[in-house]
Each structure stands twice: as C-alpha cells, then as structure tokens.
There are 2 protein chains.
Amino acid sequence: MSRPSSQAQEANPDALPKQHRTYSIGELARMFEVTPRTIRFYEQEGLLAPTRQGQKRIYREKDRVRLKLTLRGKRLGFSLAEIREVVEMYDAMPDGNARQLKRLLEILADKRANLERQLEDIRLMKLEIDDVDQRAREVLRQLGDDA
Amino acid sequence: MSRPSSQAQEANPDALPKQHRTYSIGELARMFEVTPRTIRFYEQEGLLAPTRQGQKRIYREKDRVRLKLTLRGKRLGFSLAEIREVVEMYDAMPDGNARQLKRLLEILADKRANLERQLEDIRLMKLEIDDVDQRAREVLRQLGDDA
DNA sequence: GACGAGGTTTACGTTAACGTAAAGTGCTTG
DNA sequence: CAAGCACTTTACGTTAACGTAAACCTCGTC
C-alpha cells in the first residue's frame, strides 16, 4: 500500500477535479461496457479524436461525453454515419458559415421528428405488449392458479 | 370512371369489409414503403406466413398487421430475431405450456424495460438537440439578422 | 401471339459495425 | 531479465438485412 505521490487514478474516480481527468481506452471500455475495438472503430469513423501520448490514446472528458452520446444515439437506432454528421457540424459550428448552420438546423429538425415518431412507436408498442401480457396471464390463470 | 361490379380493389381501400380483404405483395410493399424483397425476406425469417393461390402469395389482414408491427419494432431498433421471438410465442400462446408463457412474460418485461430506457434516451437527446439548436441560432444571429 | 405488368425462385453481392487473431511496443514488478 | 499486462497496428472474418440480377411463369390486352 505504498502510494506517496504516484499517479494511480482509477481507484477513486471522484477524487479529482474530474474536468481534467484523462482516461485510457480500457477504462472507457469498461465504463461503457464496450470493447476497446469498438472505441478504436469509432475513432476511425471520425466520431472520436483522442490525443496521443507516445502511441497511446489519451481520452479527455470531451471524448468521454462524445462516446456517451454516440452510444445513446446507437441505442436509438441511429447509424454511426448519422451521428457523425451531427458531431462534425457541431465541431465546425464556431466558424461555420451560414449555409452549414442552416443545414445543421435542418438535420436537427429531422432528428427531432424522428424522435417524435419513436415516441409514438413506443407508445403503441407498449399498448400491444400490455395486451399480449394480459392474454398470457389469463391463459396462465386457467392452467392453474400457481402463477 | 366505369366500375360496375368489377373487383378493382386498390382504389378505395375503405370501401369493403376490410376484414376479409387480401393483399398482393406489391400492394403491401407500397403501403409500407418497402420492397417486395423485404417482405419475402421477412417470410423466410418466419415473421410472415401468407397463404398461396397457385404460386402467388396472398396476404390477409393478419399478415398486414404483423408486417406493421415488425416494421415498428425495426424502427425501435429491435432485430428481426427479437421480433420473431415474440411473434412465435404469441402464436403458440393458446396451447402454450406454462413454462413458455412465463418465458413470454419475461421477454415482455424485458422489452418494456428496453422501451423505458429508450424513452429516457429520447428525453436526453432532445435536450441536447435543443442545446445545439440554440447555439446554432445564436451564431446565425451574429452572422447577420437574415436567418 | 407478342408483350408488358406483376409475380416467382435462386443465388450471388453489399454494407454496417464490429469480432478476432497475429505480431509488436513499453512499463513495472518479482 | 523474464514475465505479464495494457496498449498498439494490420488484416481478415462475421452477421444481419436486405439489394440486385437472371431466368422463368401467367395473366389480360392490343
């Protein structure tokens, strides 16, 4: 248990400013339950751009957030290409020209519409799941009351 | 505008009992904006089971509903395998044994949890879209007031 | 009876999103 | 210094969900 002033980080993640923390690829992989391969692949696809220390990738808060958003997008069925489209424009925003910005607004409106449809889909699917559930329980009841 | 008593169906879909209507593969394809290939593929994957008239596929209401549900599931990111799992159990329900029914209830609970997570994901993603949208509009404003 | 519009089967091609394996680099620890 | 661990690159493999093409049937119609 000797740790005078070494840089052992992973033990207590909340112990430091959190804003200037860095992560290794393995750390991130464990945090989000994906493989390092997946993270490297996302980089190759232009969704992440970690810096290097020698040849090792160094991830900052910004990268972690991006990964989080990417995975969220994936869970909602967006393709990596779609996600990248937004991410790239977001990055280019500060000095983006008006055309690009308007295009970005279009994309955002599009995504929003998409989300609305998903909300409706979820609502409908819940109703049907309820229905199937009901029927299943009824059949179970008639098979004997030890449900 | 001659239509004495012929069987011209597609023109006015709501004109007949609707319950005993049948559909060709092309009709369904147009209704849902998919290709016939997709519909055949779903059959091959055990998601549809149309009857035949000669060698042509005949789809009934039941099949149409299934296709609708399948596509909805897809929009929510479920794989065809997952969708089939529910569909098959639903079909086997009337005479399904207790183990199967309980398994079905498990799957349903699982799907429900999945939907809940998606709801949360959508909520969060909407917030971020709003955020990006805001920023984009601000930058646009500063570039000149002709947004 | 040629033909065009729909349908059919068979089969190979394609894309996205990684998995997996091989071979090498660099630290630190017994 | 050998071993082990975490990381790296390169490259080929895999799966799901269709697309696409070819070659055939079967109507109603001109």
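In what follows, chains are A, B, ... by sequence order, proteins preceding strands, each numbered from 1.
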Undergrad: Can you measure Ile39(A) atom CD1 to dG19(C) atom P for me and round it to whole angstrom units?
TA: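 These atoms are roughly 11 Å apart.
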
Undergrad: Taking 4.0 Å as the cut-off, does a side-chain nitrogen or oxygen of Tyr42(B) come that near to OP1 or OP2 on dA17(D)?
TA: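 Answer no for this pair, as no side-chain N or O of Tyr42(B) is under 4.0 Å from OP1 or OP2.
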
Undergrad: Can you name the nearest heavy-atom pair linking Tyr59(A) to Glu43(A), along with the distance?
TA: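 So the minimum-distance heavy-atom pair works out to OH-OE1, 4.1 Å.
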
Undergrad: Do you reckon Leu105(B) sits in the same ILVMFWY cluster as Ile107(B), going by side-chain contacts under 4.5 Å, direct or chained?
TA: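 In one cluster: yes.
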
Undergrad: How close or far is atom C1' of dT15(D) from atom CD of Glu82(B), stated in whole angstroms?
TA: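 Distance check: Glu82(B) CD to dT15(D) C1' gives 14 Å.
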
Undergrad: Return the CG to CZ distance between Leu104(B) and Arg99(B), rounded to the nearest 0.5 Å.
TA: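 Output value for this atom pair is 12.5 Å.
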
Undergrad: Just by distance, with hydrogens left out, do Arg60(A) and Thr51(A) show a side-chain donor and acceptor under 3.5 Å apart?
TA: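 On atom types as modelled, these side chains qualify, holding a pair under 3.5 Å.
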
Undergrad: What are the two closest heavy atoms between Glu27(B) and Thr22(B), and how far apart are they?
TA: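 Of all heavy-atom pairs spanning Glu27(B) and Thr22(B), the closest is OE1-O, 4.2 Å.
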
Undergrad: Under 4.5 Å between side-chain heavy atoms, counting indirect links through other Ile/Leu/Val/Met/Phe/Trp/Tyr residues: same cluster for Leu67(B) and Val87(B) or not?
TA: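 Cluster IDs for Leu67(B) and Val87(B) match.
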
Undergrad: Taking atom P of dA16(C) as reference, at what distance in whole Å does atom CD of Glu85(A) sit?
TA: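 Going from Glu85(A) (CD) to dA16(C) (P), I get 14 Å.
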
Undergrad: When you measure from the side-chain N and O atoms of Thr38(A) to the phosphate of dG19(C), is any distance below 4.0 Å, counting only OP1 and OP2?
TA: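 Affirmative; the distance criterion is met.
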
Undergrad: If two hydrophobic side chains count as joined below 4.5 Å and joins carry through other members, does Leu115(A) share a cluster with Leu115(B)?
TA: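 Yes; Leu115(B) is reachable from Leu115(A) via cluster members.
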
Undergrad: Could you give the CG-to-P distance, from Leu47(B) to dA16(D), as a whole number of Å?
TA: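 Result: 13 Å.
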
Undergrad: Within this structure, what is the CG-to-P distance between Leu67(A) and dA17(C), rounded to whole angstrom?
TA: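 For the pair Leu67(A) CG and dA17(C) P, the rounded distance is 15 Å.
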
Undergrad: To the closest 0.5 Å, what do you measure between CZ (Arg66(B)) and CD (Glu61(B))?
TA: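 It is 13.5 Å, given to the nearest 0.5 Å.
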
Undergrad: Find the distance between CZ (Arg141(A)) and CZ (Arg137(A)) and round it off to the nearest 0.5 Å.
TA: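 If I round to the nearest 0.5 Å, the distance is 11.5 Å.
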
Undergrad: Any residue in residues 72-80 of chain A with a heavy atom nearer than 4.0 angstrom to DNA chain C? Just list them by number, or reply none.
TA: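 Those residues whose heavy atoms fall under 4.0 Å from DNA chain C, taken from residues 72-80 of chain A in numerical order, are Lys74(A), Ser79(A), Leu80(A).
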
Undergrad: Nearest-Å distance, CD (Glu43(A)) to P (dC18(C))?
TA: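 In whole Å, dC18(C) P and Glu43(A) CD are 15 Å from each other.
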
Undergrad: Quick one: what's the B/S/- string for nucleotides 5-10 of chain D, heavy-atom cutoff under 4.0 Å, read 5' to 3'?
TA: --SBB-

Undergrad: Would you say Thr35(B) reaches dG19(D)'s phosphate, i.e. side-chain N/O to OP1/OP2 under 4.0 Å?
TA: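 Yes.
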
